Amino acid sequence: MKDTKKCPHCGQWSHWNQNPEDRCEHCRNPLDPITLNRQQAKYDLQQQEKQRFSLDLIRINPDDSWFIRFTKKVGLGFQLIFVAIITFFIWFIAFVAA
Ligand SMILES: [Zn+2]
């Protein structure tokens with residue numbers, strides 16, 4: 001779908017595809033800087049959330065005894081389930097907030 005939008009920087013009309021990342025044909029500035037900033041802010045927030053919940057996964061050494069290896073594998077399993085739930089949760093929040 002072809003559409004036009006007035007550039008907020010130079011006042012010229014440019015083609016745009018309803019995409020906030022589209023740039024002015026005349027001055028190369030974003031045609032929709034408000035939405036672009038909002039998207040960027042949302043993206044930054046998501047990255048922060050991911051970092052907050054990211055945790056170091058348990059490392060299994062070949063030198064560990066069978067009991068330690070078993071305990072670590074169980075712990076690792078729980079960690080992976082936890083990460084999966086958090087990832088889904090972040091995705092869900094982003095989806096609902098969109
Ligand atoms: Zn422009």
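Values in this document were obtained by computation on a predicted structure and should not be read as measured data. Whatever order the structure lists ligands and atoms in, that order sets their numbers, starting from 1.
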Contact flag C7/the Zn ion (ligand 1), N/O/S atoms, threshold under 2.8 Å: yes

Three-point angle C24:SG, the Zn ion (ligand 1), C27:SG, rounded to the nearest 10°: 110°

Note, K42 side chain near R38 side chain (heavy atom, < 4.5 Å): no

Pair K5 + D32: basic N to acidic O under 4.0 Å: no

Pair D44-Q48, side-chain donor/acceptor within less than 3.5 Å: no

Contact flag C10/the Zn ion (ligand 1), N/O/S atoms, threshold under 2.8 Å: yes

Candidates I86, I85, L80 - the one meeting side-chain contact (heavy atoms from CB on, under 4.5 Å) with F82: I86

